[in-house]
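Since the structure comes first, as structure tokens, the remarks are kept for the end.
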Amino acid sequence: MSNDELKSAYERALEKLKEKGIDETVEKLSSEQKAEIAQIRSLYKSKIAELEIGKQGDSAKAQDLEQLEKIQERFVNDRSRLEREMERKISEVRQRS
């Protein structure tokens, strides 16, 4: 049996990443950072849920397909904006070490 056969899939994946120039970096977060990230995710999850409820209400009032498409497009854009905002805030928390 060769050495490669004894390696786990995880170890082989890490080697492939290193070959591509991607270094293994394990992020260590404090319990405060973890709690702050959980709070951010919870806040944005509720904002997105609120947005979804609003979309459903607006969709029910739509009088034609064009209005419905505009409502859907606005929802997608707003959700995307909220997700980017959430990821930016989480990234800021992770960068504080």
Side-chain angles (χ1 to χ4, degrees):
M1 243 184 212
S2 72
N3 206 15
D4 282 339
E5 292 176 28
L6 297 176
K7 292 180 182 178
S8 70
Y10 175 75
E11 290 170 321
R12 288 191 301 256
L14 286 178
E15 286 179 355
K16 287 182 182 181
L17 289 174
K18 286 180 184 178
E19 288 172 7
K20 292 181 180 181
I22 302 171
D23 200 8
E24 173 190 3
T25 55
V26 176
E27 194 174 351
K28 304 251 180 186
L29 298 174
S30 68
S31 57
E32 292 84 17
Q33 286 172 308
K34 290 177 183 179
E36 193 172 348
I37 289 171
Q39 185 177 17
I40 291 168
R41 285 193 172 125
S42 176
L43 173 67
Y44 280 89
K45 184 177 179 181
S46 62
K47 285 184 178 189
I48 290 170
E50 185 179 318
L51 191 64
E52 175 73 30
I53 291 168
K55 181 194 80 123
Q56 290 174 356
D58 291 345
S59 295
K61 296 175 190 174
Q63 296 178 358
D64 58 25
L65 187 58
E66 186 177 325
Q67 270 187 322
L68 193 57
E69 287 173 348
K70 286 180 182 179
I71 291 167
Q72 181 65 26
E73 184 178 333
R74 186 176 69 234
F75 169 76
V76 169
N77 290 337
D78 289 346
R79 181 183 177 125
S80 179
R81 176 186 50 80
L82 287 171
E83 288 172 344
R84 285 190 312 271
E85 199 174 293
M86 177 185 68
E87 290 303 322
R88 180 183 52 79
K89 288 183 179 188
I90 289 172
S91 180
E92 288 172 2
V93 170
R94 287 183 174 174
Q95 289 176 358
R96 287 183 282 166
S97 298

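From a predicted model like this one, the values you see are computed outputs, not experimental measurements. Numbers here are sequence positions counted from 1.
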If I take atom CD1 from residue Ile71 and atom CD from residue Glu66, how far apart are they, to the nearest 0.5 angstrom? 11.0 Å
Please lay out, stage by stage, how Ser91 and Gln95 fare under the test side-chain contact (heavy atoms from CB on, under 4.5 Å). CA-CA 6 Å; Ser91 180; Gln95 289 176 358; 3.5 Å; yes
Going from CD1 on Ile48 to OG on Ser80, what distance comes out if it is rounded to the nearest 0.5 angstrom? 9.5 Å
Nearest 0.5 Å, what's the CG-CD distance between Leu65 and Gln72? 11.5 Å
Which pairs pass salt bridge (charged side-chain N to carboxylate O under 4.0 Å, His left out) with one or both residues in residues 53-65, sequence neighbours excluded? Glu52-Lys55, Asp58-Arg74
Should we count CD of Gln39 as having more than 12 external heavy atoms under 6.0 Å? no
Please list, chain by chain and in numerical order, all residues satisfying side-chain contact (heavy atoms from CB on, under 4.5 Å) with Lys47, sequence neighbours excluded. Leu43, Tyr44, Leu82, Glu85
Worked verdict on Lys45 versus Arg41 for side-chain contact (heavy atoms from CB on, under 4.5 Å): CA-CA 6 Å; Lys45 184 177 179 181; Arg41 285 193 172 125; over 6 Å; no
Could you go through the salt bridge (charged side-chain N to carboxylate O under 4.0 Å, His left out) check for Glu36 and Arg96 one step at a time? CA-CA 12 Å; Glu36 193 172 348; Arg96 287 183 282 166; 2.9 Å; yes
Show the numbers, then the answer: is there a side-chain contact (heavy atoms from CB on, under 4.5 Å) between Met86 and Ile90? CA-CA 6 Å; Met86 177 185 68; Ile90 289 172; 3.8 Å; yes
Under a 4.5 Å side-chain heavy-atom rule over Ile, Leu, Val, Met, Phe, Trp and Tyr, are Leu51 and Leu68 clustered together? no
Mark yes when over 12 heavy atoms from residues, nucleotides or ligands other than Gln67 sit less than 6.0 Å from its CD; otherwise mark no. yes
Quick one: closest heavy-atom pair of Lys34 and Leu29, and the distance? CE-O, 3.6 Å
